[in-house]
Amino acid sequence: MRHSYAAVYLLALASLVHAEEKPLAAPVLPEAPAKSARGLTVTFTAAGKTDTRSARLMTLFVPKGEPVTPFLPAGPFTAKWEGEINSSLRAQYTFHAEVRGSFRLSVNGAVLLETVPGNQLQTISKALQLNKGATKIVAEYSSDGSGDAAIQFKWSSKEFPIEPVPPTVFTHDINAKALREGLRLREGRELFASLRCAACHGDPALIPPRGEGMPELAHDAPVFDELGAKYRETWLAHWINDPHSIRPHSLMPRVFSANPGQVDQRAADLAAFFASTGKADETEISPDLAPLGGALFANLGCIACHTPPEYAEKDEHDRTPLSHLKAKWQPQALRNYLKDPAKNYAWTHMPNSRLTNDEAERLAAFLLAGNQREFPATPKGDAAQGAQLLVSSGCLNCHAGMPPTTQPPLVATLKNSWIKGCMAPTAAARGTAPDFNFTPQQRDALLAFGSTGFGSLKQDTKAEFAERQVTNMRCIACHARDGKSSTWAELESDMGPLQAAAPAEEGEGHPVAGTAVPMLTWFGEKLQTPWMENFIAGNGKYKPRPWIIARMPGFPAVSKGIAEGLAHQHGLPAAPELELPVDKEKAENGSKLISENGGFNCTTCHGVGDRPPTAVFEAPGINLAYSPERLRKGYYHRWVMHPLRIDPESKMPRFADDEGKTPLTDYYDGNAHDQFEAIWQYLRTQKK
Ligand code: HEC
Ligand code: HEC
Ligand code: HEC
Ligand code: HEC
Ligand code: HEC
């Protein structure tokens with residue numbers, strides 16, 4: 001398959017070369033055999049245009065006046081989900097749709113659920129027998145644009161109460177052409193923004209000002225803050241000369257790309273200039289601290305995103321290498337960087353692990369120890385030349401937000417076929433333009449995106465922003481999601497030696513991985529959006545799970561967009577949920593229901609406010625006084641009614657039976673929902 005892809009690519013390229021003056025067109029996508037993966041295909045139509053992407057769930061939330069995808073105008077639209085629903089056995093299910101708009105679900109070609117037309121809130125449900133294996137489903141939704149568009153798709157059965165149909169039971173063909181086309185456009189659009197094409201090729205008519213439209217257009221690059229105090233000159237020359245040879249996924253292009261295989265004199269000049277700025281603090285950090293740092297590297301999850309500093313081979317998890325740190329950093333500067341990685345670079349992908357001074361020092365000792373990559377001497381640089389190059393080479397367009405001056409401007413480049421300059425596949429054709437190290441697929445994606453014009457940069461959807469950033473920021477390095485385990489959980493065996501090398505009391509604890517870190521799958525439905533935003537930013541005032549060493553690092557640049565987007569992905573508005581004042585009578589009953597005296601004894605595992613849990617830490621739970629500000633009420637009920645439906649490995653017992661009853665018949669006739677509601681009301685009266 002590879003072969004024929006390359007052939008098609010070359011052919012397409014050859015035809016482009018002959019048609020240079022032709023306006024930009026998307027390269028033809030070769031056919032590919034059907035391939036099944038999790039999730040559904042969803043096709044949107046608005047104002048006569050269509051756009052296809054994949055979806056984790058059959059849900060949607062689009063606030064009034066916002067577009068349903070970046071590629072379609074706001075207003076009335078339709079959505080069509082296609083794929084299969086998979087059942088592990090032959091069983092009876094009831095399907096439920098809660099929609100604002102009109103909706104129709106077909107199973108194996110026959111209509112099962114259908115609402116009346118209109119944009120009012122409607123709930124419909126119907127039972128159906130599903131055979132073991134995959135069953136084809138198609139769902140169609142339409143919104144007239146007069147209000148928020150919303151849909152949630154749920155199911156229930158004799159064994160489990162009503163819940164959203166989970167992402168793990170859907171499959172779809174990821175090679176379907178329309179889907180690949182939609183995904184390719186998205187890849188191109190994202191490359192355009194994150195590689196900062198507009199920093200040099202400006203066009204005020206096409207590119208919205210910073211802070212408007214697609215959020216990634218605001219991507220900054222590190223501020224040059226006395227680099228001589230932080231980095232070593234030889235390393236700087238190698239980096240400027242060829243960033244991708246040091247960090248494969250660097251977003252910085254190779255600016256001086258004419259002489260592959262050697263360090264360009266201009267890179268050396270720039271390095272000499274930087275080395276002359278700032279005064280280095282060369283105080284060493286004691287290497288004796290390295291083993292302690294190694295244990296932290298494992299226990300805080302650095303290992304989930306980075307290969308250890310002594311490791312220089314290719315990594316199956318595609319982690320960011322650190323094997324050049326000794327050649328790059330002054331020790332104290334590295335320690336300071338670890339404490340605040342976003343200080344000079346807001347959009348960095350490196351999160352803030354909220355380290356203490358001791359932790360940062362230990363980690364720095366570990367990161368600078370051992371055998372690391374060496375960099376050969378570079379030509380002697382001229383600092384004065386370097387200072388001039390800094391302005392003339394376009395460095396400051398990215399690094400200081402200088403206004404774009406590169407000719408031709410964007411709109412002009414679209415008139416020919418984007419095979420020249422930065423987009424050229426060979427060094428010769430590239431000329432003086434920077435080298436972004438594109439793969440053929442990335443180049444195609446940019447071409448496809450360019451052929452749509454740049455209208456989609458002026459708008460965005462939060463649901464798609466969240467999806468992009470969950471990938472970019474590597475949330476799944478630490479969090480399992482949609483049935484896929486985290487990278488961290490797969491690295492248990494690499495962590496052992498690092499933990500074992502540390503003195504006993506420091507290497508022990510309940511460090512991590514697997515089940516201890518909550519799964520990302522339901523965050524959008526589980527957590528109150530403001531709480532989630534604050535927590536993802538790294539501003540959480542408390543640690544929900546104090547019994548694990550692992551902690552959630554902060555991602556302040558993307559926290560708001562991710563939190564709101566995850567809510568929308570689950571069909572929910574991002575606004576805080578409002579509630580009536582506490583029901584005092586229920587709260588009274590709740591205080592008894594939670595207790596060990598005639599209640600469920602929730603307090604064995606859960607602390608409540610300043611009261612710690614009563615039993616030995618067998619299955620510690622989160623302090624329940626936090627529940628009302630952390631959790632959405634709908635999720636709270638779903639969880640307490642049947643914890644194992646959400647997390648099959650949870651140690652929290654199920655208190656209700658299949659009929660929704662509990663043995664505590666003194667309260668609400670044993671109605672579990674009413675009892676849990678009483679507990680909720682009680683928890684609302686508790687001090688956090
Ligand atoms: C650091 C500044 C810089 C950035 C960032 C940049 N370019 Fe360029 N681009 C240039 C320079 C310099 C040229 C060569 C202009 C010349 O030949 O006079 C060029 C040329 C081009 C050309 C050829 C224009 C023509 O018609 O001759 C295209 C197309 C292009 N760039 C696309 C892109 C895309 C797409 C991106 C983002 C992935 C990008 N550029 C990012 C500096 C930049
Ligand atoms: C298209 C935008 C762009 C251009 C043009 C660019 N850079 Fe960068 N540069 C970046 C980004 C983004 C990073 C952050 C590292 C990464 O993404 O791997 C970076 C990182 C760096 C760093 C490391 C800084 C630090 O504190 O981590 C140096 C030094 C640097 N660039 C120098 C230069 C020089 C010198 C030039 C001009 C010859 C240049 N850059 C041109 C985007 C750019
Ligand atoms: C979610 C993924 C993630 C986690 C977790 C993470 N990092 Fe990073 N880190 C990155 C990325 C990506 C970069 C590349 C820089 C950028 O994007 O700005 C980076 C950069 C770095 C750098 C600078 C590399 C250089 O070339 O100078 C160091 C040092 C570092 N990380 C150490 C750590 C340590 C120590 C931890 C644990 C406390 C950690 N990282 C946790 C993703 C991560
Ligand atoms: C270095 C590992 C790591 C990375 C990377 C990471 N997380 Fe976390 N996250 C954790 C840990 C550990 C917790 C549990 C913290 C606790 O309860 O004390 C957590 C908790 C959370 C919570 C709270 C969930 C709950 O039920 O309490 C949210 C929300 C969250 N993470 C979102 C994200 C998002 C979004 C990303 C990517 C932008 C991300 N995380 C990346 C380790 C990580
Ligand atoms: C045997 C121990 C145990 C008992 C008894 C128990 N739970 Fe839990 N509970 C847990 C565990 C473990 C978790 C999951 C913690 C995590 O996400 O890391 C949990 C989670 C929860 C959560 C989600 C908390 C959050 O903030 O994310 C709620 C709400 C909850 N339990 C309520 C209750 C109630 C109400 C009772 C009594 C009716 C109860 N639990 C009894 C162990 C227990």
Side-chain angles (χ1 to χ4, degrees), residues 190 193-194 196 210-211 214-223 247 249-251 296-297 299-306 317-320 322 336-356 359-360 363 460-482 486-488 512-513 517-524 526-545 548-570 574 630:
E190 191 176 356
S194 61
R196 304 151 175 85
R210 252 165 205 257
M214 184 182 187
E216 287 92 332
L217 288 170
H219 255 301
D220 59 346
V223 172
R247 187 180 297 157
H249 299 298
S250 177
L251 298 173
L296 285 169
F297 190 80
N299 292 342
L300 295 181
C302 317
I303 196 170
C305 289
H306 292 290
H317 301 290
D318 202 20
R319 290 172 288 171
T320 304
L322 296 175
N336 294 341
Y337 167 81
L338 291 173
K339 284 207 70 186
D340 188 4
K343 182 166 178 237
N344 291 309
Y345 180 21
W347 276 86
T348 178
H349 291 187
M350 163 79 173
N352 187 330
S353 294
R354 308 205 264 170
L355 304 172
T356 63
E359 287 172 336
L363 278 163
D460 201 35
T461 72
K462 291 190 171 126
E464 291 199 27
F465 176 80
E467 203 52 28
R468 293 195 298 272
Q469 293 306 331
V470 162
T471 306
N472 270 337
M473 298 296 176
R474 295 189 74 131
C475 309
I476 47 173
C478 299
H479 291 280
R481 189 186 197 209
D482 297 356
S486 69
T487 314
W488 202 357
V512 273
V517 180
M519 68 177 111
L520 210 153
T521 312
W522 298 110
F523 286 173
K526 171 183 189 179
L527 298 164
Q528 294 276 359
T529 311
W531 188 89
M532 178 161 43
E533 176 188 338
N534 197 45
F535 198 72
I536 298 173
N539 299 332
K541 292 252 172 348
Y542 51 84
K543 196 166 156 28
R545 300 168 187 78
I548 56 176
I549 298 178
R551 66 182 79 128
M552 169 68 187
F555 296 84
V558 292
S559 54
K560 188 174 189 336
I562 291 185
E564 296 181 349
L566 288 179
H568 288 186
Q569 281 190 6
H570 289 261
R630 266 170 56 76

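Keep in mind that the numbers below use all heavy atoms, side chains included, and drop hydrogens, waters and symmetry copies.
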Checklist outcome for this item: A574 and P530 have their tightest heavy-atom pair at O-CD, 4.5 Å

Checklist entry - Is the backbone N or O of S194 less than 3.5 Å from a side-chain atom of R196, with the two atoms forming a donor-acceptor pair by type? => result yes

Checklist entry - Would you say R319 and H317 make side-chain contact, with heavy atoms under 4.5 Å? => result yes

Next on the checklist: To the closest 0.5 Å, what do you measure between OH (Y345) and CG (D340)?
Outcome noted: 14.5 Å

Checklist entry - Heavy atoms, side chains only, cut-off 4.5 Å: are T320 and H249 in contact? => result no

Checklist entry - Do you know which two heavy atoms are closest between G211 and A218, and how far apart they sit? => result N-CB, 4.4 Å

Checklist entry - Within the side chain of T521, is there an N or O that forms a donor-acceptor pair under 3.5 Å with the backbone of D482? => result yes

Item to check | Where W488 and C478 come nearest, the two heavy atoms and their spacing | outcome: CE3-SG, 3.6 Å

Checklist entry - Between atom CZ of R481 and atom OG of S486, what is the distance when rounded to the nearest 0.5 Å? => result 13.5 Å

Next on the checklist: Tell me if the NZ atom of K543 is crowded by more than 12 foreign heavy atoms within 6.0 Å.
Outcome noted: yes

Checklist entry - Is there a side-chain contact between T487 and I476 (heavy atoms, below 4.5 Å)? => result no

Checklist entry - Without hydrogens or angle criteria, can the side chains of N472 and E216 be said to hold a donor-acceptor pair below 3.5 Å? => result no

Checklist entry - Taking it one step at a time, do R474 and H349 satisfy side-chain contact (heavy atoms from CB on, under 4.5 Å)? => result CA-CA 8 Å; R474 295 189 74 131; H349 291 187; over 6 Å; no

Checklist entry - When you check the gap from the basic side-chain N to the acidic O, do E533 and K462 get nearer than 4.0 Å? => result no

Item to check | Student check: side-chain heavy atoms of R468 and P215 closer than 4.5 Å | outcome: yes

Checklist entry - Hey, mind stepping through F465 and V558 against side-chain contact (heavy atoms from CB on, under 4.5 Å) and telling me if it holds? => result CA-CA 9 Å; F465 176 80; V558 292; 3.9 Å; yes

Checklist entry - Is there side-chain contact between L338 and M350, with heavy atoms separated by less than 4.5 Å? => result yes

Checklist entry - So how far is it from E467 CD to Q469 CD, rounded to the nearest 0.5 Å? => result 10.5 Å

Next on the checklist: On a heavy-atom basis, which atom in A360 and which in K339 lie closest, and how many Å separate them?
Outcome noted: CB-CG, 3.6 Å

Checklist entry - Can you tell me how far the CG atom of L322 sits from the CZ atom of F297, to the nearest 0.5 Å? => result 5.5 Å

Next on the checklist: In the structure I gave you, are the side-chain heavy atoms of I562 and F555 within less than 4.5 Å of one another anywhere?
Outcome noted: no

Next on the checklist: Please evaluate residues F535 and R630 with respect to the criterion side-chain contact (heavy atoms from CB on, under 4.5 Å), reporting the C-alpha separation (whole Å), side-chain torsions for both, the decisive distance (0.1 Å), and the verdict.
Outcome noted: CA-CA 10 Å; F535 198 72; R630 266 170 56 76; over 6 Å; no

Item to check | Main-chain N/O of T356 paired to E359 side chain as donor or acceptor, under 3.5 Å | outcome: yes

Next on the checklist: Test your reading of the model: is there a side-chain donor-acceptor pair from R551 to the backbone of S353, 3.5 Å cut-off?
Outcome noted: yes

Checklist entry - Is any side-chain heavy atom of P341 closer than 4.5 Å to a side-chain heavy atom of N352? => result yes

Checklist entry - Sub-3.5 Å donor-acceptor pair from the side chain of H479 to the main-chain atoms of P518, do we have one? => result yes

Checklist entry - For A346, does its backbone N or O pair with a side-chain atom of D220 as donor and acceptor, under 3.5 Å? => result yes

Checklist entry - Between R354 and G538, is there a donor-acceptor pair closer than 3.5 Å when you use the side chain of the first and the backbone of the second? => result yes

Next on the checklist: To the closest 0.5 Å, what do you measure between NZ (K541) and CG (N539)?
Outcome noted: 7.0 Å

Checklist entry - After noting the C-alpha distance and the side-chain angles of L300 and L355, does the key distance pass the side-chain contact (heavy atoms from CB on, under 4.5 Å) rule? => result CA-CA 10 Å; L300 295 181; L355 304 172; 3.6 Å; yes

Checklist entry - Do F523 and H570 have side-chain heavy atoms sitting under 4.5 Å apart? => result no

